[in-house]
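Since the structure comes first, as structure tokens, the remarks are kept for the end.
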Amino acid sequence: MTRYASRKALIVGADTGIGLAIAKRLVEGGATVLLTARTAQDRVDAGSELGFAARVLAPDAVEDGLGPDADIDLLLADAVPTVLPLLRRLGDGGAIVLTASAPSPSAVTALAAELVPRGIRVNAVAPGFIAVPGTGAVPLPPMGRLGAA
């Protein structure tokens with residue numbers, strides 16, 4: 001599948017659950033993915049799941065990982081403050097997907113309005129109760145089960 005061939009995606013602050021599932025889909029579709037993971041073990045785990053089409057870095061190594069001239073097409077991040085320092089690296093016509101559990105509607109709207117002139121789409125996904133490996137017991141929602149990434 002080459003749906004995302006020649007696309008470059010940066011996934012920040014979402015190295016498990018939905019973020020990792022999205023990274024897998026992008027890699028399967030031919031995209032080059034740069035994913036951040038907080039701990040060394042998380043980086044090893046994500047790297048083994050994603051294979052050679054992805055690079056997994058510490059969050060503070062993103063600028064070095066992108067290189068001096070690299071633009072990205074898709075920026076997937078956990079919150080608006082995470083996105084702001086990376087906006088200059090996002091190519092015109094690209095997209096941002098925010099995956100925080102409760103993204104601020106006003107912050108998302110303000111970011112979207114700021115990026116309209118560049119043709120950049122801003123979407124916010126509030127995933128709710130999603131099972132994430134290694135997080136332990138969590139209270140179940142009314143349906144009595146957790147969702148899957």
Side-chain angles (χ1 to χ4, degrees), residues 1-105 107-135 143 145-149:
M1 179 202 263
T2 58
R3 180 176 183 177
Y4 305 112
S6 75
R7 304 288 288 195
K8 295 174 289 265
L10 171 60
I11 300 174
V12 181
D15 58 282
T16 59
I18 288 177
L20 185 58
I22 291 171
K24 287 180 188 177
R25 286 291 175 147
L26 290 167
V27 166
E28 290 168 1
T32 301
V33 174
L34 183 63
L35 174 74
T36 66
R38 289 176 183 89
T39 70
Q41 188 59 51
D42 288 343
R43 291 190 287 278
V44 169
D45 294 345
S48 66
E49 284 197 50
L50 295 173
F52 294 105
R55 292 181 58 205
V56 185
L57 304 171
D60 61 354
V62 169
E63 284 294 329
D64 293 336
L66 284 172
D69 300 321
D71 277 341
I72 50 177
D73 302 303
L74 172 66
L75 175 58
L76 179 97
D78 57 354
V80 171
T82 306
V83 169
L84 295 177
L86 299 168
L87 287 179
R88 66 182 181 79
R89 303 306 291 270
L90 186 62
D92 291 352
I96 296 171
V97 179
L98 300 163
T99 61
S101 58
S104 162
V108 172
T109 300
L111 181 63
E114 178 183 333
L115 297 174
V116 163
R118 293 181 53 197
I120 295 174
R121 297 179 316 278
V122 178
N123 298 292
V125 179
F129 297 96
I130 302 297
V132 177
T135 57
M143 289 194 70
R145 63 177 175 80
L146 297 176

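Predicted model, so just to flag it, every value in this text is computed and none were measured. Each residue takes its place number in the sequence, starting with 1.
- Considering Leu10, Val27, Ile22, Val56 as possible partners of Leu35, the one that fulfils the side-chain contact (heavy atoms from CB on, under 4.5 Å) test is Val56.
- Under the side chain to side chain contact (heavy atoms under 4.5 Å, CB included) criterion, Arg118 pairs with Leu90, Asp92, Leu115, Ile120, not counting sequence neighbours.
- Under the rule for a side chain to side chain contact (heavy atoms under 4.5 Å, CB included), the partners of Thr39 that lie at least two apart in sequence or sit in another chain are Gln41, Asp42.
- Residues Ala9 and Leu26 share a closest heavy-atom pair of CB-CD1, 3.7 Å.
- Partners of Arg145 according to the salt bridge (charged side-chain N to carboxylate O under 4.0 Å, His left out) rule, which considers only residues two or more places apart in sequence or in another chain, do not exist here.
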Show me the donor-acceptor pairs within less than 3.5 Å that the side chains of residues 107-114 make with the rest of the protein, sequence neighbours left out.
residue : atom : partner : partner atom : Å
Thr109  : OG1  : Pro105  : O            : 2.8

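- The side-chain hydrogen bond (donor to acceptor under 3.5 Å, both in side chains) contacts involving residues 47-59 comprise Lys24-Glu49, where partners must be two or more places apart or lie in separate chains.
- At least one donor-acceptor pair closer than 3.5 Å links the side chain of Arg43 to the backbone N or O of Ala37.
- When every heavy atom of Ala46 is checked against every heavy atom of Leu20, the shortest pair comes out as CB-CD1, 4.2 Å.
- Listed here is the closest heavy atom pair of Ile11 and Gly19: CD1-O, 4.0 Å.
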